[in-house]
> 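Have a look at the structure that comes next, please.
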Amino acid sequence: TIYDNPHITRDEIERKHQQVPEITWRQEYMAEYVDEIGPVYWHFDPIKCVAEMPIPTATKCMCGADWGINDKTAFIFMYGLPGDIVYVAKEYVAGGLSCQQHAVNLGAYPRLPYYVMDSAAWHRESDMSSVPDRFGQAGINLIQATKEFDGSLSDVLDLVANNQLVINPQCKYVLEG
């Protein structure tokens, strides 16, 4: 849990606890399995939402990343397409590698000015470096995602319900999630 990190003061922890919804606190900071959210993707229709799509030239790419401590690290590359479609085009998923090794592997993916990573990766290790510091040293610039869990979840639900989220069938980890 967040209390296990010796580099975060109790005051910082309590401030964070006051800033996030209780369900987010329990799941993201207290490492609890929370089954109260219910089905997230019950509108997801693989016939409508899984397809290969052309990406027009000069379409902006965005990338969300999640640092895997015990799980795999993932970088998900998305494009905003006409019709307010969010297209998940590529995924990079690997485990057991250093930030430097991930950065080398990411050379085969779209190069972006920055990548958005889950805020849990921002804690400092005993050497006072963080995952973003180590990725930055390897040429991958990360910015911190927010923990607006309720807003983010409803945005995804809206995209799915309105058939505006399309996932490339080659993104097997995204589809399994």
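For this chain, numbers begin at 1 and follow the sequence in order. Keep in mind that what you see is a predicted model, and the values were worked out from it rather than measured.
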> Taking side chain as C-beta onward, heavy atoms only, is P169 less than 4.5 Å from E52?
yes
> Given the side-chain rings of F77 and Y109, with only the six-membered ring counted for Trp, is the space between their centroids under 6.0 Å?
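Ring-ring flag for F77/Y109: true, centres closer than 6.0 Å.
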> Check whether Q101 reaches the backbone of S98 with its side chain - one donor and one acceptor, N or O, closer than 3.5 Å.
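Pair found, side chain donor or acceptor close to backbone of S98.
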> Is it the case that the side chain of N168 and the backbone of Q170 share a donor-acceptor pair, with hydrogens and angles ignored and the cut-off at 3.5 Å?
yes
> Would you please test C61 and L112 for side-chain contact (heavy atoms from CB on, under 4.5 Å) and show each step?
CA-CA 8 Å; C61 182; L112 303 175; 3.7 Å; yes
> Is I8 close to I2 at the side-chain level, that is, under 4.5 Å between some pair of heavy atoms?
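SC-SC contact between I2 and I8 confirmed.
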> Closer than 3.5 angstrom, by distance alone: can the side chain of Q18 be matched with the main-chain N or O of R15 as a donor-acceptor pair?
no
> Should M78 and Y173 be counted in the same cluster of Ile, Leu, Val, Met, Phe, Trp and Tyr side chains packed under 4.5 Å apart?
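Different hydrophobic clusters.
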> Determine whether a donor-acceptor pair (N or O, by modelled atom type, separation under 3.5 Å) exists between the side chain of D133 and the backbone of S129.
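No; judged by distance alone, with no hydrogens or angles, the pair does not exist.
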> Classify the side-chain pair Y115/N141 by whether it contains a donor and acceptor separated by less than 3.5 Å.
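On atom types as modelled, these side chains do not qualify, holding no pair under 3.5 Å.
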> Kindly say whether the aromatic ring centers of H102 and F75 come within a distance under 6.0 Å.
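No.
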> Sub-3.5 Å donor-acceptor pair from the side chain of E91 to the main-chain atoms of K172, do we have one?
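Looks like yes, one N/O pair under 3.5 Å.
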> Using 0.5 Å steps for rounding, measure from the OG1 atom of T59 to the CG atom of L81.
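Going from the OG1 atom of T59 to the CG atom of L81 covers 6.0 Å.
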> If hydrophobic clusters are built from ILVMFWY residues whose side chains come within less than 4.5 Å, do V131 and V116 share one?
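No; V116 is not reachable from V131 via cluster members.
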> Atom SG in C63, atom CZ in R111: separation rounded to 0.5 Å?
11.0 Å
> For side-chain contact (heavy atoms from CB on, under 4.5 Å), just list the numbers for N105 and L97, CA-CA rounded to whole Å, side-chain angles, deciding distance to a tenth of an Å, and then say yes or no.
CA-CA 10 Å; N105 294 346; L97 302 176; 3.4 Å; yes
> Measuring from T73:OG1 to L106:CG, what's the distance to the nearest 0.5 Å?
9.5 Å
